[in-house]
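Working notes for the structure below.
Start at 1 and go down the list; that is how both ligands and their atoms are numbered. Everything numeric in this text was worked out from a predicted model, so none of it was measured.
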Amino acid sequence: MKTLPKYYSLHPEINTALQTGAPVVALESTVITHGLPYPENLQIAQAMEAEVRGKNAFPATVAVIDGHIHVGLSAENLERLAAGGEMRKISVRDYGPAIAQKASGGTTVAGTLIASEHAGIKIFATGGIGGVHRDAPFDISTDLDQLSKSQVVVVCAGAKAILDLPATLERLETLAVPVVGYQTDEFPAFYSRESGLTVSARADSANEAAEIAKAHWQMGGGGVLVVVPVPEEDALPMAEIEGPIQAALKEAAEQNIHGQAVTPFLLSRVSELSHGSSMQANLSLLKNNARVAAEIAQFLYSPTGTQIA
Ligand code: PSU
Ligand code: MN
């Protein structure tokens with residue numbers, strides 16, 4: 001039996017699934033609180049849960065509600081999270097303050113990695129991970145560090161081109177995080193299927209991706225990044241998005257945006273400046289990643305136990 005600190009709230013359905021070894025897929029929630037506007041954020045959160053269920057796995061959206069780390073959210077709490085109000089962006093260093101101050105918010109990739117590992121969940125889906133920012137060598141997302149530590153698979157569509165993608169891959173190499181291309185040799189760039197950069201390994205099936213992760217963990221490794229290109233019909237060419245990115249980066253510098261506000265600012269400005277053409281790609285890749293994660297999850301679990309102290 002695994003014991004969780006008392007400020008966790010593990011959904012009964014997820015608890016049962018984990019104890020019986022049924023496949024569970026966690027879902028990141030900063031994309032809901034800080035990544036997309038209402039009501040698209042609520043619709044996509046519900047659609048991602050449905051994709052996971054459609055593949056006979058259990059979705060566990062992770063978020064902090066009134067100081068409790070929820071692993072598996074009720075429909076009411078999902079709506080509350082999406083509706084906004086005082087919602088924090090919760091990465092690793094933000095848990096302590098959020099728990100003690102009974103705050104609410106979405107968990108980043110790094111935050112979701114920690115909660116997943118504590119709860120015994122082996123895989124989660126998101127849109128894109130954070131990384132090394134362009135022209136800001138000290139602005140490196142905690143996502144990368146935490147990826148090296150938690151034994152969890154993260155399924156994403158690569159990292160957004162707002163980042164320095166070559167530097168992000170170099171950092172992942174240093175941190176010993178395998179970057180596994182799902183049916184691809186190229187590192188995808190979120191809205192775009194291409195980046196000109198290569199992955200460190202390739203998996204052609206869900207089973208192969210799961211086998212890679214299990215072997216990595218047996219060798220003492222931490223996180224495994226599985227990168228899935230956005231579906232072809234919704235992909236945007238990289239050149240189309242570079243103009244809005246440059247403009248958004250300039251605005252961020254002019255307005256002196258820094259710290260955890262940088263990523264949400266850039267994401268929302270790029271979306272506005274590209275006149276929402278990026279929204280369709282964003283929604284498409286989120287659903288696709290949830291589905292692929294549920295397929296890989298079929299090969300990752302065996303019966304265990306988790307309980308709350
Ligand atoms: N990239 C996206 N959409 C997002 C994020 C990243 O394309 O919503 C969010 C994720 O939650 C990620 C976080 O973990 O931003 C990284 O923020 P920062 O760069 O401040 O670490
Ligand atoms: Mn940062």
Taking 4.0 Å as the limit for heavy-atom contacts, which would you say applies to [X] with ligand 1: side chain only, backbone only, both, or neither?
| X | result |
| --- | --- |
| Asp143 | side chain |
| His133 | side chain |
| Thr108 | both |

Specify the protein heavy atom at minimum distance from [atom]: its residue, its atom name, and the distance to 0.1 Å.
| atom | result |
| --- | --- |
| atom 1 (N) of ligand 1 | Gly128 O, 3.3 Å |
| atom 7 (O) of ligand 1 | Lys160 NZ, 3.1 Å |
| atom 19 (O) of ligand 1 | Thr263 OG1, 2.7 Å |
| atom 10 (C) of ligand 1 | Glu28 OE2, 3.7 Å |
| atom 21 (O) of ligand 1 | Ser141 OG, 2.7 Å |

Under 3.5 Å, N or O to N or O, is Thr107 touching ligand 1 that way?
no
min-distance N/O/S atom, Asp139 vs the Mn ion (ligand 2), resolves to OD1
Quick check for you: to the nearest 0.5 Å, what is the distance between [X] atom [atom1] and [Y] atom [atom2]?
| X | Y | atom1 | atom2 | value |
| --- | --- | --- | --- | --- |
| Leu285 | Arg193 | CG | CZ | 11.0 Å |
| Ile99 | Ile69 | CD1 | CD1 | 4.0 Å |
| Lys160 | Ser278 | NZ | OG | 7.0 Å |

Close-contact set for ligand 1 against [X] heavy atoms, below 4.0 Å:
| X | result |
| --- | --- |
| Thr30 | 11 (O) |
| Phe190 | 7 (O) |
| Val109 | 11 (O), 14 (O) |

Hits for side chain to side chain donor-acceptor pair (under 3.5 Å) against Glu51, two or more places apart or cross-chain, chain-then-number order -> none
Close approach, Lys89 and ligand 1, non-hydrogen under 4.0 angstrom = yes
May I ask you to check whether over 12 heavy atoms, not counting those of Lys89, lie within 6.0 Å of atom NZ? yes
So with a 6.0 Å cut-off around CD of Glu86, is the heavy-atom count from everything else above 12? no
Margin query: We want to know whether Thr142 and Gln146 form a side-chain donor-acceptor pair, criterion being a heavy-atom distance below 3.5 angstrom.
Written below: no
After noting the C-alpha distance and the side-chain angles of Arg269 and Gln255, does the key distance pass the side chain to side chain donor-acceptor pair (under 3.5 Å) rule? CA-CA 13 Å; Arg269 284 305 285 147; Gln255 295 177 37; over 6 Å; no
Checking heavy-atom distances from atom 4 (C) of ligand 1 to each of Leu266, Leu267, Asn282, the winner is Leu267
task = Apply side chain to side chain contact (heavy atoms under 4.5 Å, CB included) to Asn41 and Ile32, showing your working.
result = CA-CA 5 Å; Asn41 61 350; Ile32 303 172; 4.1 Å; yes
Side-chain polar contacts of residues 170-181 - donor-acceptor pairs under 3.5 angstrom, sequence neighbours left out - could you list them?
residue	atom	partner	partner atom	Å
Thr174	OG1	Glu170	O	3.1

